[in-house]
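What follows is one structure encoded as structure tokens, with my remarks underneath.
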Amino acid sequence: MIRIYNTLTQQKEEFQPIQPGKVRMYVCGMTVYDYCHLGHARVLVAFDVITRYLRHRGYDVHYVRNITDIDDKILRRADENGEPFDALTDRMIQAMHEDEQKLGVLAPTEEPRATDYIDEIIAMIRVLIAKDHAYAADNGDVYFSVNSFDGYGKLSKKKLEDLLAGARVDVEQAKKSPADFALWKAAKPGEVSWPSPWGDGRPGWHIECSAMSTRCLGDTFDIHGGGPDLLFPHHENEIAQSECATGHHFVNTWMHAGAIRVNKEKMSKSLGNFFTIREILDKYPPEVVRYFLVSSHYRSQVDYSEDNLAEAGRTLERLYHALRGVVPAKNVPEGEFDRQFHEAMDDDFNTAGSISVLHGAASELNQARRDGHDDRAAELAAVLVRLGAVLGILQQDPEAFFKAGVEGDLSAEQIEAMIQARADARKAKNFAEADRIRDELQEKGIILDDSREGTSWRRG
RNA sequence: GGCGCGGUGGCAGAGUGGUUAUGCAGCGGACUGCAACUCCGUGUACGCCGGUUCGAUUCCGACCCGCGCCUCCA
């Protein structure tokens, strides 16, 4: 029985998919005008792990993650760059896919783009106007009327009067209420636009997700997720639009990831304190970044720092060390470690807890190996790889993991030759020469591991 | 101001009404030519004050502190 924290009810609930055995999930993806930063990575990885675990537990998961490829920021950036907006978005989408792949994020089942759903968006706006939940204003925009929806604020726990009290002064004159938001934005001269019953324009930010999610998954579906800053207004507005348009309850379980912080402040575009995935991958192996993200619960805030990434690297090395030199057994039945792992993950995807189970298995593996229980070691290695797969870690060949690292100036052949020279020196009891070789390698970032079977190496 | 979340050992980070998180770092030992790696062992903890209870880090209340949303942001 899986329990999930639901933002809507503010408590953990037993997860009951609408259709037994099937999960329909929608996650708000990227607005593609810049490279992904660590905050995006957190959401990508969090929902990747959630998808992997649900599938691991036998669910058929239909995972939809959208791409916002038309919006103010995209137009502005394209304009600054002097390029067509779709050249910019195509480039950023490709970059996003590269980043995802490096982080081991599996592709969603569907990846709809806003500009491919203009017809559905217009159709939904028509319905909202027909039902008096929206109105076309004099300036060519179409707005959603928040007063027309009693449930407005139920997700973010905000009261409409509080929102109005805090409204900014520069409220768009055309709005009937300051809290109303745009469904359709009239095009300014020269802007890219699509024809509509209300004139040429483009969709507002929130409506695309309502149109795409209900089109791909139906009026009501199981899980809707996203980053912490989407809770309000984006998800609140999605609920309003969708429930008014379809007349049905929109989403059963709302899930929100925690923020990534830098020096106690949220990493965000507007603060400018963000690190792109690419910058971070220049310094740390992708799996280390993923391990760092998975090592804390998806809802908690996590601090980005060099120290934290370095520690994640050391910890991941420990797990790969356990796997090194062991051939995982085949067809190992589920056992105690699997049970503990599931227990942790069943509790709102407690990846931090599940990782401690992995460490327990690694310890036992090391002991089995030390005691010559090779069969047991091979079994545990299989368990480690199997459970690691759910978190998206430990899937590399251990030798590749240790030797990949950052490119040094020594080739594997040269390193092997130096190790052989050192072995000869040691045999001749010329320890000064042996240590000199070891030090030289260490200076170049190569660490030697001696064992009874011989010497292996890794990039430190 | 409104709404919401959180304060755990040197650090990171789970969890629980009474019993070991886990990892990193440290310390002692085994292994080693010496180390590293690995293994074994090991110390340090639950913001503050009350309350409930046989017993609270865990439940309740107040307080202090930090953070997030309320404006584009994952």
Side-chain angles (χ1 to χ4, degrees), chain A residues 7 10 27-31 33-34 36-47 71-73 76 153 156-159 161-168 170 179 205 225-234 236 256-261 264-272 274 291-292 295-297 299-303 305 307-319 321-322 324 340 344 347 350-360 362-363 366-367 369-371 402 425-427 429-432 434-435 438-439 442 447-452 455-458 460:
Chain A
T7 311
Q10 297 174 284
V27 173
C28 290
M30 282 276 295
T31 299
Y33 69 101
D34 205 345
C36 295
H37 64 221
L38 230 208
H40 298 110
R42 161 102 107 153
V43 172
L44 293 171
V45 169
F47 287 96
D71 125 293
D72 289 346
K73 293 187 294 296
R76 193 174 55 216
S156 56
K157 320 302 170 199
K158 293 181 189 305
K159 294 193 181 72
E161 54 263 38
D162 295 337
L163 289 172
L164 298 182
R168 297 294 186 267
D170 54 340
W205 174 35
D229 33 19
L230 297 184
L231 206 160
F232 187 89
H234 186 239
E236 193 69 63
H256 295 276
I260 300 274
R261 305 196 307 170
K264 309 287 181 193
E265 269 188 329
K266 193 182 82 159
M267 180 179 288
S268 75
K269 290 279 178 70
S270 47
L271 288 172
F274 61 92
Y291 184 90
F292 166 70
S295 62
S296 59
H297 185 89
R299 276 192 290 117
S300 66
Q301 300 183 131
V302 310
D303 278 288
S305 74
D307 285 351
N308 290 161
L309 264 296
E311 184 183 319
R314 285 193 294 271
T315 304
L316 186 59
E317 277 177 20
R318 175 174 188 272
L319 294 175
H321 256 297
R324 197 176 199 184
Q340 289 176 14
D347 183 14
N350 187 349
T351 51
S354 72
I355 281 179
S356 78
V357 177
L358 262 43
H359 282 288
S363 289
N366 287 331
Q367 288 170 44
R369 189 141 59 146
R370 178 199 58 191
D371 298 339
F402 284 115
R426 290 176 75 196
K427 201 174 265 180
K429 300 260 193 267
N430 184 356
F431 296 121
D435 288 352
R438 183 172 65 194
D439 291 347
Q442 182 154 25
I447 294 169
L448 300 186
D449 295 323
D450 290 333
S451 73
R452 271 181 230 115
T455 301
S456 58
W457 61 275
R458 62 196 156 94

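Just so it is clear: chains get the letters A, B, ... in the order the sequence lines come, proteins before strands, and each one is counted from 1.
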Return the [atom1] to [atom2] distance between [X] and [Y], rounded to the nearest 0.5 Å.
| X | Y | atom1 | atom2 | value |
| --- | --- | --- | --- | --- |
| A/Asn366 | A/Arg324 | CG | CZ | 13.0 Å |
| A/Leu319 | A/Ser363 | CG | OG | 9.0 Å |
| A/His297 | A/Ser354 | NE2 | OG | 11.0 Å |
| A/Arg438 | A/Thr455 | CZ | OG1 | 9.5 Å |

Salt bridge (charged side-chain N to carboxylate O under 4.0 Å, His left out) with [X]: which residues, sequence neighbours excluded?
| X | answer |
| --- | --- |
| A/Asp307 | none |
| A/Arg76 | none |
| A/Lys266 | A/Asp229 |
| A/Arg42 | none |

Please tabulate the protein-to-nucleotide N/O contacts below 3.5 Å involving nucleotides 20-23 of chain B, giving atom names and distances.
residue, atom, partner, partner atom, Å
B/G23, O2', A/Thr315, OG1, 2.5
B/G23, N2, A/Glu311, OE1, 3.4
B/G23, N2, A/Glu311, OE2, 2.6
B/G23, N3, A/Glu311, OE2, 3.4

Under 3.5 Å, N/O pairs linking protein and nucleotides 31-36 of chain B:
residue, atom, partner, partner atom, Å
B/G33, O6, A/Arg426, NE, 3.3
B/G33, N1, A/Asp435, OD1, 2.9
B/G33, N2, A/Asp435, OD2, 2.8
B/C34, O2, A/Arg438, NH2, 3.0
B/C34, N3, A/Arg438, NH1, 3.0
B/C34, N3, A/Arg438, NH2, 3.2
B/C34, N4, A/Arg438, NH1, 3.3
B/A35, N6, A/Asp450, OD2, 2.5
B/A35, N1, A/Arg438, NH1, 3.3
B/A35, N1, A/Asp450, OD2, 3.3
B/A35, N3, A/Arg438, NH1, 2.8
B/A36, N1, A/Asp450, N, 3.4
B/A36, N1, A/Asp450, O, 3.2

Hey, is the side chain of A/Asn308 poking within less than 4.0 Å of OP1 or OP2 on B/C11, counting only N and O atoms?
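No, because none of the side-chain N or O atoms of A/Asn308 sits under 4.0 Å from OP1 or OP2 of B/C11.
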
Fill in: Side-chain N or O of A/Ser305 closer than 4.0 Å to phosphate OP1/OP2 of B/A12
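No, because none of the side-chain N or O atoms of A/Ser305 sits under 4.0 Å from OP1 or OP2 of B/A12.
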
- Task: Under 4.0 Å between any heavy atoms, over every strand shown, what does A/His256 touch: base, sugar-phosphate, or nothing? Just pick one.
- Result: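 If one applies the 4.0 Å heavy-atom cut-off, A/His256 turns out to touch nothing in the nucleic acid.
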
Practice task
Indicate, with a heavy-atom threshold strictly under 4.0 Å, whether A/Lys264 touches base, sugar-phosphate, or nothing.
Solution key: sugar-phosphate

Between [M] and [N] - [atom1] atom distance, rounded Å:
| N | M | atom1 | value |
| --- | --- | --- | --- |
| B/G51 | B/A56 | P | 11 Å |
| B/U38 | B/A74 | C1' | 40 Å |
| B/G29 | B/C34 | P | 14 Å |
| B/G10 | B/G6 | P | 23 Å |
| B/G1 | B/A12 | P | 29 Å |
| B/U16 | B/G66 | C1' | 24 Å |
| B/U58 | B/G18 | C1' | 11 Å |
| B/C73 | B/C37 | P | 47 Å |

With B for base contact, S for sugar-phosphate-only contact and - for none (protein heavy atoms under 4.0 Å), nucleotides 2-9 of chain B reads BSS-----

* Using modelled atom types only, decide if a donor and an acceptor are shared between the side chain of A/Glu236 and the backbone of A/Ser156 within a distance under 3.5 Å. =>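 Such a contact is found between A/Glu236 side chain and A/Ser156 backbone.
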
Search all heavy atoms of [X] against all heavy atoms of [Y] and return the closest pair with its distance.
| X | Y | result |
| --- | --- | --- |
| A/Ala362 | A/Arg318 | CB-NH1, 4.0 Å |
| A/Val43 | A/Ala257 | CG2-CB, 4.1 Å |
| A/Ser295 | A/Ala352 | O-CB, 3.4 Å |
| A/Phe402 | A/Glu317 | CZ-O, 3.7 Å |
| A/Asn350 | A/Ala344 | CB-O, 3.1 Å |

Could you state the atom-to-atom distance from [atom1] of [X] to [atom2] of [N] in whole Å?
| X | N | atom1 | atom2 | result |
| --- | --- | --- | --- | --- |
| A/Asp371 | B/U38 | CG | C1' | 12 Å |
| A/Asn366 | B/A30 | CG | C1' | 15 Å |
| A/Arg324 | B/U38 | CZ | C1' | 12 Å |
| A/Phe232 | B/C69 | CZ | P | 13 Å |

Should [X] and [Y] count as side-chain neighbours, where that means a heavy-atom distance under 4.5 Å?
| X | Y | answer |
| --- | --- | --- |
| A/His359 | A/Thr315 | yes |
| A/Phe292 | A/Leu309 | yes |
| A/Lys269 | A/Thr31 | no |
| A/Ile355 | A/Tyr291 | yes |

Residues at least two apart in sequence or cross-chain that pass ring-ring contact (aromatic ring centres under 6.0 Å, His included) with A/His256, listed by chain then number, are A/His235

> Run the side chain to side chain contact (heavy atoms under 4.5 Å, CB included) check on A/Arg458 and A/His321 step by step: do they pass?
Replying inline: CA-CA 11 Å; A/Arg458 62 196 156 94; A/His321 256 297; 3.8 Å; yes

Can you list every stem that RNA chain B is part of, counting only runs of 3 or more consecutive Watson-Crick or G-U wobble pairs with both distances under 3.5 Å?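 Only these stems qualify: B:1-7 with B:64-70, B:10-12 with B:22-24, B:26-30 with B:38-42, B:49-51 with B:59-61.
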
Contacts of A/Ser295 and A/Ala362 projected onto RNA chain B by closest heavy atom; the upstream (5') one is A/Ser295

What N/O pairs connect the protein and nucleotides 72-74 of chain B at under 3.5 Å? Give each pair on its own line.
residue, atom, partner, partner atom, Å
B/C72, O2', A/Lys73, NZ, 2.4
B/C72, N4, A/Ser270, OG, 3.0
B/C73, O2, A/Ser270, OG, 3.4
B/C73, N3, A/Ser270, OG, 3.4
B/A74, OP1, A/His40, NE2, 2.9
B/A74, O5', A/His40, NE2, 2.8
B/A74, O2', A/Gly227, N, 2.3
B/A74, N7, A/His37, NE2, 3.1
B/A74, N6, A/Met267, O, 2.4
B/A74, N1, A/Ile260, N, 3.2
B/A74, N3, A/Gly39, O, 3.2

For nucleotides 56-61 of chain B, which of its nitrogen or oxygen atoms have a protein nitrogen or oxygen under 3.5 Å away, and what is each distance?
none

Hey, what are the protein-to-nucleotides 43-46 of chain B N/O distances that come in under 3.5 Å?
none

